[in-house]
Structures are given as structure tokens and as C-alpha cells.
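Here the structure is a predicted model, which is why all the values come from computation and not from measurement. Nothing fancy with the numbering, it's 1 onward along the sequence.
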Amino acid sequence: MRIIRNIFLCLSVLAFIECDKPDDDYIWNDNWKEEETQKPEEEKPEDEKPGEEKPEVKEAKARLVWIDAAANFKDYANDKENISRDMARLKETGFTGVIVEVRPTTAGVLFKSDVEGPVTQVDAWVTGGYKWLQRTADFDYLQAFIDAGKKEGLDVYAAINTMVGGKECPYGLGSDGPLFDGTAKREWASVVNTPDGLVNCMDMGTGTKFLNPANDEVVEYLLGILEDLAAYDVKGIILDRCRYDDNDLKSDFSEVSRKKFEEYIGEKVQNWPDDIFAPGEGELSSPVTKKQVQWMEFRAKNIHDFMEKASARVHSVNPDIRFGAYVGAWYSSYYYSGVNWASPNYNAKNAYSWATADYNQYGYADHCDIMIIGAYASTKSIYGNSEWTMQGFCKRAQTVFAGDVPFIGGPDIGNSTGFENGGQGALMPDIVDACINASTEGMFFFDLCHIKMYDYWDDIKKGFDRYLESL
């Protein structure tokens, strides 16, 4: 299972690669847990029997699309007209909103911030190789989406890649981001327990460079960015990659984390990191050791505490804004990323051998107003009740959230198995049916670039129309 999970993580990091090939009114309801009915106050038809009840009409759920920053940079970075054009097409297709990414994995922001500088370039796969795509326009990228969204009646959520500080790009392009330009400190970067010892991720070659969630300076830096973002008139803010890096349980073993971990367990770790994991080891022992149990709790606590602070900071600027996160729906193995996205009322110990008696204390769903669930299954796994089916992912999320937060689940239609080469339009109505009805608030598609590249517009509209007719 972990191998499959890692494949999905890698694919999500490379999502923008396939997107750069050339192209050949839901309203938030505080009573979301209850099924709403529309009861028009009108006279009953003459042939209606006294006391006869009318059929319930359910309120339509949200239909969103994710707009990755890098994958769509060539279309939107320098052209507001393209933004307006595609927002109109989304409305016409039946979407009710967008999740627009405004802090890519290279870091830098696509909105006005006093904390972090603007994005001026992203690396993307263009015509058979990686190249820098430059942003030369000076219009406010996020505001352009907000303006276009208001015109079309679409909700606009802003998403950021959270625990990232820059990127060492492949193909000899070099590096970009706060960890490289001196805005952020090298000491903020994640330290990895490699077979050769503890190594700062800045010294580990190409790839996205993650920040250490246990570092108080990192936390304050990111909270400042979120405070600036919350000043915008968006429906909500979604945190992506609010987790530890892709080295899983091998991160973070910095001195900051050592000190805080020792405070957490109330004792010194005599052999660091060997008393938790030997160099290069990233799997739990069988049986799990006491230190490993404590390490899992400690990491989940760090993410929980950041989410709690982030929610408070965002709502201090705008009490009405919806705050939440994107997470992969594979909860059974998401502990590798140091995240417990469940409700604290859901006790994972009852279902999973790796969970501890206190693990549920660090579930953060109760600090969120909305959650986005990546139900990233293959083309052959749409319906079902278990993980690694789109419908099953969403059904499991209902259990894990325990009624604490509404959520939207949906597929990756560009990178998941079977979607890589397009041609899957006929599946879209079933995908809509499986995800929207198993999620409490609606569904989303990742990513807009795939819809455009494979011309899935009409296929998705069929799915939306069929869903709306079912109401």
C-alpha cells in the first residue's frame, strides 16, 4: 500500500507536466449536516389530495475545479482575458466555483503580500522539456480571478502550497524561492534521516524544499502570508501540502525538532535519531517501539497546532472566510506525512494498528470550515466502499470526519492510473455521481488543465446535468 501511496504522491508533484502539452451556485449553509428542502409557498394543485406531501427537493451541492498555478501559468500569468474566458466556460459547464492556487511549490505568491515576494517565474514542461515561464504582467493575479468569479457567479477559493520554501529545478534550470534567495533561513528547511546521516534537504538535489513544521519561525512566517491572503474577498482559503515532506517518517530530525520532541516526551533522547529510527529507516518496527509511537504523535501534533493557529489567524482578519485544507484521502497511510486530518472524535486506534491511544487528540478537522479530499483512484475504481476507489474514499472520509466539517471529494483526471493519455470522457458522468453523492458538500476535479487539454467540457456537463436532474 505504501508503494502505491508514494506513486500517487510523486504523480501529484509532477501534475503540471502533462498539463503543459499543447491543446490539439452553491451557497454555504450552516445546517449542512441536514438535508435541506425547498418548500415553495404556493397553492396546491386542485387534484392534490389533502395532507399529501410534496417530494423533497435537495439543494444542489458544490462543483469545483482546482487550478494549479504552474500547470496553468502559460494561460493566465500574463492574460486576464484568458481568466475571464475560462471562468465563463466553467459557469456554462455547470461548475459553481474554483480553487485557484496562488502559492506554487517554488513559493512566492500570486497576490499582494508584505511577507513574501511575488512569483515571477515557474518551471514547467513545455514542448518536450522543462523551461522557465516568466510573468511580466503586473495585474493582481488572485484579484483577477475574484473579479471574473463575481461576474460569473462563481465562488473563488484561494489555495497555497504551505510547508514549502522553494525548489531546486531539474534540467539545469537552477533554483527559486525564499530558501534560495535569503528571504527564509536555511535552518527552516527540513532535515532528513538518510542512510548517510542527517542531511538538510537543501543539500539533497532537485525537488521541492520543505519547511520544518516544528520551527516557530516557520510558523510565524506562514501565518503572516495567510493574514495577507485573508484580506482578499475570497470564499475560503485551502492549505495544500500542509504536511511533512515526501521523505515521510524520515523527516524532520533537525535540532529544533529534537528539542521539542524531548519536551513532548519529557526526557532526553540519548541516541538521536537511532532511538527512533536508524539512519535511512522510515518504517515502523514490528512491534512498534515506544519512541516511534511518540514520534508519530509529535509530528501529528505539530501539524494540528499549526492548523489551529492558522485558522485563528485567518478568522481574525475575516470571521466569515472558510478555512480548510486539501489532503489525500488515503487516511490509512497518511500518518507517513505527519497528518491526522480526522475529527478528534474519530479514534483511529479502533481501526488501525499503527494508531495510538492519544493519536485522535491531534485530529484537526474541528478547526476547519471546509475540507478538500483527493479521491485519486484509477479509471477502473470509480465505485466502491473502500479506499482506492473514488466513492469509497469519500465514504470513508464521512466516517473519519465524524460530522465535524463538510467536505468535497474528487479525482485527479490527468495523472491517476488510466487517465494519463486522456480519452476518458465517457467516465465523467459516473465520476460525478460517485463523488458528489458520497461527499457531504460536493465534488471537485483536479485539474482544469486536464479538462482543457483532453476536452472534457461536454462530458463533465453531462455528469452535472444528470446529477441536477436527480434532485
**Prompt:** Are Arg396 and Tyr331 in a cation-pi setup, meaning NZ or CZ lies under 6.0 angstrom from the ring centre and within 45 degrees of the ring axis?
**Reply:** no

**Prompt:** Any salt bridge between Arg258 and Glu263, counting N to O under 4.0 Å?
**Reply:** no

**Message:** Can you tell me how the ring of Phe277 sits relative to the ring of Phe253, calling it parallel under 30°, perpendicular over 60° and tilted otherwise?
**Reply:** perpendicular

**Prompt:** Is NZ or CZ of Arg63 both nearer than 6.0 Å to the six-membered ring centre of Phe95 and within 45° of the ring axis?
**Reply:** no

**Complete:** In short, salt bridge (charged side-chain N to carboxylate O under 4.0 Å, His left out) pairs touching residues 422-438 with sequence neighbours left out are Asp430-Arg466

**Fill in**
Quick note, salt bridge (charged side-chain N to carboxylate O under 4.0 Å, His left out) partners involving residues 95-111, not counting sequence neighbours, are Arg103-Glu116

**Asked** Quick check, are the ring centers of Phe407 and Phe401 under 6.0 angstrom apart?
**Response** yes

**Message:** Parallel, tilted or perpendicular: which one describes the rings of Trp330 and Tyr376, with boundaries at 30° and 60°?
**Reply:** tilted

**Request:** Please name all residues satisfying side-chain hydrogen bond (donor to acceptor under 3.5 Å, both in side chains) with Thr183, sequence neighbours left out, ordered by chain then number.
**Result:** Asp181

**Request:** Just jot down the ring-ring contact (aromatic ring centres under 6.0 Å, His included) partners of Tyr335, sequence neighbours excluded, or say none.
**Result:** Trp354

**Asked** Side chain of Asp404, backbone of Ser343: donor and acceptor closer than 3.5 Å?
**Response** no

**Asked** Do the two ring centres, one from Trp188 and one from Phe210, sit under 6.0 Å apart?
**Response** no

**Message:** Whether Glu441 and Lys61 form a salt bridge (side-chain N of Lys/Arg under 4.0 Å from carboxylate O of Asp/Glu) is what I want to check.
**Reply:** no

**Request:** Applying salt bridge (charged side-chain N to carboxylate O under 4.0 Å, His left out), name anything that partners Glu308, two or more places apart in sequence or on another chain.
**Result:** none

**Request:** Look only at the side chain of Lys250 and the backbone of Glu281, and say whether a donor-acceptor pair between them is shorter than 3.5 Å.
**Result:** no

**Asked** Hey, are Lys301 and Asp305 close enough for a salt bridge, meaning a charged N less than 4.0 Å from a carboxylate O?
**Response** yes

**Request:** Hey, could you give me the CE/CD1 distance between Met87 and Ile146, rounded to the nearest 0.5 Å?
**Result:** 9.5 Å

**Message:** Would the distance check show the side chain of Tyr334 and the main-chain N or O of Gly328 forming a donor-acceptor pair, the cut-off being under 3.5 Å?
**Reply:** yes

**Request:** Could I get the full list of side-chain hydrogen bond (donor to acceptor under 3.5 Å, both in side chains) partners for Asn271, not counting sequence neighbours?
**Result:** Asp275

**Prompt:** Tell me, do Phe446 and Ile451 make a side-chain contact under 4.5 Å, heavy atoms counted?
**Reply:** no

**Item:** N/O donor-acceptor pair under 3.5 Å between Gln391 side chain and Gly384 backbone
**Value:** yes

**Asked** Quick one: CZ on Arg299 to OH on Tyr336, what's the gap to the nearest 0.5 Å?
**Response** 10.5 Å

**Request:** Would you please name every residue forming a ring-ring contact (aromatic ring centres under 6.0 Å, His included) with Tyr456, sequence neighbours left out?
**Result:** Tyr454

**Message:** Please check this pair: side chain of Thr389 against backbone of Ser381, looking for a donor-acceptor N/O pair closer than 3.5 Å.
**Reply:** no

**Message:** Return the SG to CG distance between Cys201 and Leu211, rounded to the nearest 0.5 Å.
**Reply:** 8.0 Å

**Item:** Qualifying salt bridge (charged side-chain N to carboxylate O under 4.0 Å, His left out) pairs with a residue from residues 341-363, counting only residues at least two apart or across chains
**Value:** none

**Request:** Please lay out, stage by stage, how Tyr359 and Tyr352 fare under the test ring pair (Phe, Tyr, Trp, His ring centres under 6.0 Å).
**Result:** CA-CA 11 Å; Tyr359 192 73; Tyr352 302 107; 9.4 Å; no

**Prompt:** For Asn345, which residues count as a side-chain hydrogen bond (donor to acceptor under 3.5 Å, both in side chains) partner, sequence neighbours excluded?
**Reply:** none

**Complete:** In short, ring pair (Phe, Tyr, Trp, His ring centres under 6.0 Å) pairs touching residues 417-439 with sequence neighbours left out are none

**Message:** So, using ring-ring contact (aromatic ring centres under 6.0 Å, His included) as the criterion, who are the partners of Trp457 when residues are at least two apart?
**Reply:** none

**Message:** I'd like to check the ring-ring contact (aromatic ring centres under 6.0 Å, His included) partners of Phe393; sequence neighbours left out, ordered by chain and number.
**Reply:** Trp388

**Message:** Closer than 4.0 angstrom, basic N to acidic O: yes or no for Lys185 and Glu217?
**Reply:** yes

**Prompt:** Roughly how far, to the nearest 0.5 Å, is the NZ atom of Lys259 from the CH2 atom of Trp272?
**Reply:** 13.0 Å

